[in-house]
Amino acid sequence: MQEKELRLALVCFGGVSLAIYMHGVTKEILKLVRASRAYHALPKGAARETASFADHVHPSDTEYDSEHAYFELLQEIGKHVDLRVVVDVIAGASAGGINGLILGRALAHDLRIDHFRNLWLREADVERLLDTEKRASQWSKAYMRPLLWLAARSRFGRLLLGDTEIFNKISLFTRSRWFQPPFDGTHLLRQLMAGLEAMGDPAKPGDSLMPTNLALDLLVTLTDFYGFLQHIPIHDPPYVRDREHRHTLRFGYRRWPSGEEQSDFTRADAPALAFAGRATSAFPGAFPPAQIGEVDRLLAEQGRQWENRTAFIARNFADYLRADLDPELTSFVDGGVLANKPFAAAMKAIRGRPAYREVDRRLVYIDPQPLRPAPPPTGRIPGFFRVLKGSLSDIPRNEPIADELIGVSRFNERVRHLRGVIEATQPQIAELVEESAPQHLDTPLSEMEIRLWRMQVSERAVREAGFAYEGYVRLKLGAVLDFVTRLVCDACDYGERSTEAQWTRQALLHWAEDRGVCYTVKQFERAKPGAGIDALPRWVRFLLRFDVAFRQRRVRFLVQQLNQLYGKLADADHRGLKAEQLDKLKRALYEAQETLRHLSGADCLSVATVDSVKALFFRRVALQQADHMAQDAKAFARANLVAIDTAIDAMANDIDLNRRTDQLDGLFADLQPQDWSSKARRDLLVSYIGFPFWDVLTFTITNWRDLGEFNEIRIDRISPEDAVAIRRGSTLKGVNLGRFGGFFSRVHRENDYLWGRLHAADRLIDIVYDAASGPGQQIPLDRMAIKLKAFRMILDREAANLAVSQTLIADLRLELDAIAAGKAA
């Protein structure tokens, strides 16, 4: 049966009180992933077909409801496609950032979040959010009362202020202290930390909703009020200074095949996660700016320590520390000020991810209030206050997403182009590869025969490529020099954009030019066919020792070719071939890919090598000396050529890349003719041996580092405008009062939370069905029946929790009955 993985990268927009709607959405996403994990924990076959989600939980457990419907959905789809759903990237800003970090911790350790519903409904109220020192007393600004009364009697005011609760809370809010942030940032921090800690610990060590070896990345945007000075190289002057106010906090989780976990989502990380939520949602004018010291003071009040404080600061503020800036002294405001729709962060996290099976990659963004067409210009000049508000608040926060969406479209074009090149050239390359085979391909091959055959094909790829090969080599050398530079910078703990990293790159570039291993060399010495390793030119040996990326590209390519065989097991050419054989080979390729991934960072270097690299390359490039950095880097390289040679040799010995390649040769030598169909074995051998041909063709036209999954990225939106299975039109109340409406009414909060769950269930079922169906293939499934089941389960569960929404719930039940009756008719 075809295997497929639906990977969701979430982008959560800011939206002030619409955070409550987004909580309902992210809660439903968690339930879908939880149902998928439960389904795939069962062995394939009858056990999956007859099981139910109820087998996994106690009947009295109130955490679970719509999981039952998602489990049934995956069962129905499982008759045609074995589909697994995972969330591996979350990028959030402001209100979306808070919900993203709650979801991230739940996914990483399979934790419960039901208590956050009560936190949002109770604590996201203006009476609780107001700072007690700034709250109005009974007679504060008494003159505001008649003004509000008059406003409430107007036609527009009756819509917003007709509700007694809203009127009283707006009165309290407007009469509280002016010209200072009215909301209490410490109160928000305290509630977030309490909620995150109340999620508890995994039921047993290692529990997670993430597949082994697939990383979860959470990215939360902040705005550094003071900004961070950085140097950018130009022609004249050599460097200009620029101030960067955007900042992103990163949290990650990964479980290795050995069972070892690397996590930033443990209970000990709750203070860091709470700070991220507090800082990203520090809406200017509403909350005071956030500082790291707030967490220290809150924990000191509680008599506790921040265990992972040093690691959090080192991981997220390395650039500050390298520039001798103290991140504890700066202040952060709402991440939505400059990055309210963090598509770029999500796209960067997606790139280069390994594909363990066929992947349907979706970038799903949650937009509680999609933009409606603006009124056409009338020729009338807007007034003073309208221009001021629009320029300082509305327009900057209305961050356009056209560039990001167009960028995704171009990325998809490159994927299609690359696939087209591979498919069009496959017959010719197969012929060239088979001509060089040491013997008939239907006979067993030894590891040595595989190795010699691979070397002969590589030499032939050079001859066949002709003049195009030099361009390919120059690009590869540039990429490999970048890789070596990253190793050195990692060893020295230099940030990617730091001044020291720029100095290191220039120094290594000068070394490479002198040693003839750089893409700027005018003419390369050609390798002689059959030459031994010591007789090869320096640039060839440099590639053989450090071109980890080539090996990674080859393994990704092989996994993609292997994935295609799953859909061909029923073909006559592959009779007798079993999915278990493909699974075994794929596991071995995953292990090879993981080994190569480990070689991509300084962790692969020995302590002695790291110490020698630091002793040689560690420099503090003062800001005032940056203009002379190029000359200093060149002088350093010229004076230390032999020492750099020694450091490069030590890094190459630690990586030991040739040994990794020999292991792959042995893996493909083990493909015995009696165990594999002739065509499958031949195709896999041709893909492995002939990869240099495809790499020459494709590396020059696209960036393989961006194509780790080798799949197009489809974009889906979850919003009230897209979820129309129950109602069409606006259903949210928190959009009122400039998106602050939810803070002034419990009715509004319950309404938005409930619709968040319903809208998400509607859209997620569509997305899962679309991913399973694929192009030109429609799986027979009554989606509306599944949706109705999920909707009813949500309403049944929330009826006990949403005290002031009973009328809405009753109306929705009647609407669902009408939809079901219409289906039956």
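For the residue pair E261/Y253, the side-chain donor-acceptor check at 3.5 Å is satisfied. Between S94 and D334, the side chains place a donor N or O and an acceptor N or O closer than 3.5 Å (distance only, hydrogens not considered).
Judged purely by atom type and a 3.5 angstrom limit, E63 has no side-chain atom pairing as donor or acceptor with the backbone of D61. No donor-acceptor distance shorter than 3.5 angstrom exists from the side chain of S719 to the backbone of P368, with no hydrogens or angles considered. At distances below 3.5 Å, at least one donor-acceptor pair connects side-chain atoms of N316 with backbone N or O atoms of R250. Between the S331 side chain and the A290 main chain, no donor and acceptor come within less than 3.5 Å of each other. A side-chain donor-acceptor contact under 3.5 Å links S281 to the backbone of G277. No side-chain donor-acceptor contact under 3.5 Å links N751 to the backbone of V747.
For the pair E5 and R84, the salt-bridge criterion is not met [side-chain N within less than 4.0 Å of a carboxylate O]. Of the charged side-chain nitrogens involved, none lies within less than 4.0 Å of a carboxylate oxygen, so that K733 and D752 do not count as a salt-bridged pair. By the 4.0 Å N-to-carboxylate-O rule, K204 lies close enough to D207 to be salt-bridged with it. A salt bridge links D110 with R37; the closest basic N to acidic carboxylate O contact falls under 4.0 Å. For E307 and R267, the salt-bridge test fails: no basic side-chain N is under 4.0 Å from an acidic carboxylate O. Using a cutoff of 4.0 Å between basic side-chain nitrogens and carboxylate oxygens, D817 and R792 are scored as salt-bridged. Between E721 and R728 no salt bridge is recorded (no basic side-chain N to carboxylate O distance below 4.0 Å). Between D264 and R315 a salt bridge is recorded (basic side-chain N to carboxylate O distance below 4.0 Å).
The two atoms that bring L73 and I786 nearest to each other are CB-CG2, 4.0 Å, heavy atoms only. In plain terms, the two heavy atoms of P720 and P370 that are nearest each other are CD-CD, 4.4 Å. Across all their heavy atoms, F251 and A272 have their closest contact at CZ-O, 3.9 Å. Minimum interatomic distance between G14 and M22 (heavy atoms only, all atoms of both residues): C-CE, 4.3 Å. Between K789 and A69, the shortest heavy-atom distance links the atoms CG-CB, 4.2 Å. The two residues P288 and F183 come nearest to each other via the heavy atoms CD-O, 3.3 Å.
For R763, there are no side chain to side chain donor-acceptor pair (under 3.5 Å) partners two or more places apart in sequence or in a different chain. With sequence neighbours excluded, the residues that form a salt bridge (charged side-chain N to carboxylate O under 4.0 Å, His left out) with R746 are E750. By the side chain to side chain donor-acceptor pair (under 3.5 Å) test, H187 pairs with E123, sequence neighbours left out. The side chain to side chain donor-acceptor pair (under 3.5 Å) test applied to Q806 returns no partner, not counting sequence neighbours. Residues satisfying the side chain to side chain donor-acceptor pair (under 3.5 Å) criterion with D766, sequence neighbours excluded, are R783, K787. In terms of the ring-ring contact (aromatic ring centres under 6.0 Å, His included) criterion, residue partners of Y64 (sequence neighbours excluded) are, by chain and number, F53. Evaluation of the salt bridge (charged side-chain N to carboxylate O under 4.0 Å, His left out) rule for R309 yields D296, E328 as partners, not counting sequence neighbours. By the side chain to side chain contact (heavy atoms under 4.5 Å, CB included) test, A106 pairs with L30, I113, M199, sequence neighbours left out. With sequence neighbours excluded, the residues forming a salt bridge (charged side-chain N to carboxylate O under 4.0 Å, His left out) with E197 are R304, listed by chain and number.
The aromatic rings of H247 and F332 are tilted relative to each other, their planes meeting at an angle between 30° and 60°. Between F13 and Y365, the ring planes are parallel. Angles under 30° get that label, and only those over 60° would be called perpendicular. Using cut-offs of 30° and 60° for the angle between ring planes, the F740 and F743 rings count as perpendicular.
Between S66 and the choices E28, R797, K31, the side chain to side chain donor-acceptor pair (under 3.5 Å) rule is met once, by E28.
Taking CG of L732 as the start and OH of Y753 as the end, the distance is 14.5 Å to the nearest 0.5 Å.
Within the structure, salt bridge (charged side-chain N to carboxylate O under 4.0 Å, His left out) pairs that include any residue of residues 8-24 do not occur (at least two apart or interchain). Applying the ring pair (Phe, Tyr, Trp, His ring centres under 6.0 Å) test to pairs two or more places apart or on separate chains, none has a residue in residues 792-811.
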ring-ring contact (aromatic ring centres under 6.0 Å, His included) between Y21 and H759: does it pass, once the steps are laid out? CA-CA 10 Å; Y21 172 82; H759 287 165; 5.7 Å; yes
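When side chains are defined from C-beta on, R757 does not count as touching V25, because their heavy atoms never get closer than 4.5 Å. The closest side-chain heavy-atom distance from L812 to R727 is below 4.5 Å. Looking at D114 and R117, their side chains come closer than 4.5 Å, going by heavy atoms from C-beta outward.
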Listed pairs under 3.5 Å, donor-acceptor, residues 95-105 side chains, sequence neighbours left out:
residue	atom	partner	partner atom	Å
N99	OD1	H23	N	3.4
N99	ND2	A19	O	3.0
N99	ND2	A95	O	3.1
R105	NE	L196	O	3.1
R105	NH1	F265	O	2.5
R105	NH2	L196	O	3.2
R105	NH2	G200	O	2.6

